[in-house]
Amino acid sequence: MCLGARLSGALEDDRAHLGAGLRLFDMQRYSEAAQEFQQALTLNPRLVEARYYLAVADFNERRFADSRQQFDKLKNSGYRKAWVTYYCGRLDLIDGNLDTAIQAFKGLSRTEPLQDELYYLGQAYLRKGEPEEAIHYLERQVEFNPRDFRAHNLLARAYQRTGKTRDAEREFRKSEELHAYYAKGQRDLSACRALLESGKAEQAWSNCSGAAQTDDIDKQVAAGMLFGEFHLYNDARELFERALELDPESPEVNYNLGYTYFQMKDYARARRYLETALRLRPDFFEALAMEGTALYMLHDNSAAKKSLERAHQLRPDNVPVSKLLGQLENSAVK
């Protein structure tokens with residue numbers, strides 16, 4: 001075998017391990033995913049995407065020393081710089097390096113938070129004995145995410161330390177209410193799933209469609225995905241459309257609505273929502289793959305090829321994308 005063929009085979013192998021790891025990662029099977037990412041890196045140490053996801057998988061498995069080692073190697077690469085900073089801040093907080101954690105989280109300053117760094121920034125200041133600073137950031141966190149019961153609880157503790165007893169009691173009550181609300185939501189979804197698995201679709205909708213009447217986007221999306229899983233696409237569409245009214249700029253909700261319309265074979269509408277999802281999140285692999293397929297069904301082969309090529313760049317090992325892209329390339333030659 002010539003050198004070029006051997007190099008090509010190794011490249012395919014490292015990408016195959018990366019793809020397998022990403023699939024396991026999406027299923028939250030982090031320990032197995034980490035093994036795939038490690039194999040990819042053994043074959044290609046420069047594969048920064050595998051190193052990043054290995055670091056996050058190790059973090060989620062609480063292998064913090066291993067996670068730190070991988071993130072340290074990523075710092076000079078520029079790959080997902082903000083997310084590397086976020087996780088390094090989390091690791092500093094775990095290690096008790098409060099000043100370093102504060103510096104990292106403050107370095108993520110932006111109009112909209114990246115994730116929940118404001119909560120962890122408040123936690124760092126509270127642990128440092130600076131409750132007034134903690135209050136400043138925790139109030140911002142509950143402003144951005146009013147449903148974060150952790151932030152309400154921590155804010156209550158910060159208020160207590162500054163003598164704001166009434167404010168503290170208000171936040172403690174809010175935290176308890178939210179915690180109970182989400183616990184009930186999980187129970188409701190489990191009960192809804194049981195009804196769907198028993199073929200009692202009408203009863204499931206009667207019991208669970210109340211999610212559409214709330215202003216809780218997370219609950220609406222979770223219920224929509226559940227009904228979509230059981231091919232009840234009209235019900236799923238109603239839930240996703242309500243969620244989109246509340247947050248039109250959510251790439252995930254736009255994707256879910258586009259996916260639902262695709263399953264209903266309404267490819268033109270699917271395309272519209274998928275385009276919006278990609279405008280908001282250009283490297284959204286699932287949206288790119290679905291958009292490319294929708295465009296193919298609409299016989300817009302040129303646009304379909306463009307979307308699928310970008311999806312293929314992101315995940316070269318994805319078989320459906322590679323297969324459809326090959327069909328388009330073959331049809332263009334003929």
Side-chain angles (χ1 to χ4, degrees), residues 28 59-60 62 86-87 89-90 93-94 101 105 108 110-128 130-195 204-227 236 238-253 256:
Q28 298 183 11
F59 183 92
N60 289 334
R62 303 185 65 81
Y86 168 81
Y87 279 108
R90 293 278 307 273
L93 193 56
I94 290 165
F105 294 133
L108 294 172
R110 55 184 64 210
T111 305
E112 294 283 336
L114 179 71
Q115 183 78 354
D116 51 3
E117 64 268 22
L118 294 173
Y119 165 76
Y120 289 109
L121 191 51
Q123 185 184 117
Y125 273 116
L126 196 60
R127 288 173 58 182
K128 195 180 177 185
E130 299 182 23
E132 291 288 359
E133 284 293 319
I135 287 169
H136 171 71
Y137 290 105
L138 291 167
E139 285 179 340
R140 288 182 59 197
Q141 172 63 14
V142 298
E143 179 184 346
F144 282 114
N145 184 3
R147 299 189 296 274
D148 187 347
F149 64 85
R150 306 168 308 159
H152 284 286
N153 182 274
L154 205 59
L155 181 56
R157 290 158 57 190
Y159 281 143
Q160 271 189 329
R161 293 195 190 183
T162 57
K164 298 177 180 178
T165 306
R166 184 174 297 178
D167 290 335
E169 284 303 314
R170 182 193 68 234
E171 294 302 319
F172 276 131
R173 284 196 302 272
K174 186 66 176 176
S175 177
E176 290 166 2
E177 289 168 3
L178 286 167
H179 194 275
Y181 172 75
Y182 282 113
K184 182 180 183 300
Q186 288 298 318
R187 292 195 299 272
D188 290 346
L189 277 176
S190 296
C192 188
R193 176 179 288 280
L195 288 169
W205 178 253
S206 176
N207 290 4
C208 304
S209 62
Q213 308 307 318
T214 74
D215 62 353
D216 187 336
I217 295 172
D218 295 336
K219 182 177 284 189
Q220 291 166 358
V221 170
M225 291 176 71
L226 179 59
F227 280 95
E238 182 174 333
L239 289 159
F240 290 137
E241 285 180 344
R242 171 61 177 153
L244 197 67
E245 288 176 10
L246 295 170
D247 188 3
E249 296 297 297
S250 168
E252 289 76 18
V253 176
N256 279 314

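Keep in mind the model is a prediction, meaning the values are calculated, not measured.
- Across every non-hydrogen atom of Ala158 and Pro131, the tightest pair is O-CB, 3.9 Å.
- Ring geometry, Tyr125 versus Tyr137: the interplanar angle falls under 30°, so the pair is classed parallel (tilted spans 30 to 60°).
- Atoms OG and CG, on Ser190 and Leu195 in that order, are 11.0 Å from each other to the nearest 0.5 Å.
- Nearest heavy-atom pair across Ala134 and Gly122 is CB-O, 3.3 Å.
- For the pair Leu226 and Leu189, the minimum side-chain heavy-atom distance is below 4.5 Å.
- With hydrogens and angles disregarded, no donor-acceptor distance shorter than 3.5 Å links the side chain of Ser250 to the backbone of Asp247.
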Can you check salt bridge (Lys or Arg N to Asp or Glu O under 4.0 Å) on Arg173 and Glu176, steps first, answer last?
CA-CA 5 Å; Arg173 284 196 302 272; Glu176 290 166 2; over 6 Å; no

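- Separating the CD atom in Gln28 from the CG atom in Asn60 is a distance of 8.0 Å, to the nearest 0.5 Å.
- For the pair Gly89 and Ala101, the tightest heavy-atom approach, listed with the atom from each and the gap, is O-CB, 3.6 Å.
- The two residues Pro113 and Leu118 come nearest to each other via the heavy atoms CG-CD1, 3.8 Å.
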Can Gln141 and Asp148 be said to form a side-chain hydrogen bond (donor to acceptor under 3.5 Å, both in side chains), step by step?
CA-CA 8 Å; Gln141 172 63 14; Asp148 187 347; 2.9 Å; yes

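- Note that the CG atom of Leu126 and the OH atom of Tyr120 stand 14.5 Å from one another [nearest 0.5 Å].
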Working note: Val221 + Leu239, criterion side chain to side chain contact (heavy atoms under 4.5 Å, CB included); need CA distance, chi angles, decisive distance, verdict.
CA-CA 7 Å; Val221 170; Leu239 289 159; over 6 Å; no

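- Looking at Asn256, its side chain does come within 3.5 Å of a backbone N or O of Glu252 through a donor-acceptor pair.
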Check against side chain to side chain contact (heavy atoms under 4.5 Å, CB included), Gln220 and Leu246:
CA-CA 10 Å; Gln220 291 166 358; Leu246 295 170; 3.7 Å; yes

Mind running side chain to side chain contact (heavy atoms under 4.5 Å, CB included) on Phe149 and Lys174 for me, showing each step along the way?
CA-CA 7 Å; Phe149 64 85; Lys174 186 66 176 176; over 6 Å; no

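- With rounding to the nearest 0.5 angstrom, the CG atom of Leu138 is 10.0 Å from the CG atom of Asn153.
- Taking every heavy atom of both residues into account, Gly224 and Ala236 meet most closely at O-CB, 3.3 Å.
- Considering only heavy atoms from C-beta on, Trp205 stays 4.5 Å or farther from Cys192 through its side chain.
- The structure places CZ of Phe144 at 13.0 Å from CG of Asp116, a figure rounded to the nearest 0.5 Å.
- A cation-pi arrangement is absent between Arg90 and Phe59, since the terminal nitrogen or guanidinium carbon is not both under 6.0 Å from the aromatic centre and inside a 45° cone about the axis.
- Looking at heavy atoms from C-beta onward, Leu178 lies in side-chain contact with His152 at the 4.5 angstrom threshold.
- Interatomic distance, CZ of Arg140 versus CD of Glu117, reported as 9.0 Å (0.5 Å rounding).
- Residues Val142 and Ala151 approach most closely at CG1-CB, 3.7 Å, considering heavy atoms.
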Glu177 and Phe172: CA distance, side-chain angles, deciding distance, side chain to side chain contact (heavy atoms under 4.5 Å, CB included) verdict:
CA-CA 9 Å; Glu177 289 168 3; Phe172 276 131; over 6 Å; no

Determine, step by step, whether Tyr159 and Glu139 satisfy the side-chain hydrogen bond (donor to acceptor under 3.5 Å, both in side chains) criterion, reporting the C-alpha distance in whole Å, the side-chain angles of both residues, the deciding distance to 0.1 Å, and the verdict.
CA-CA 11 Å; Tyr159 281 143; Glu139 285 179 340; 2.5 Å; yes

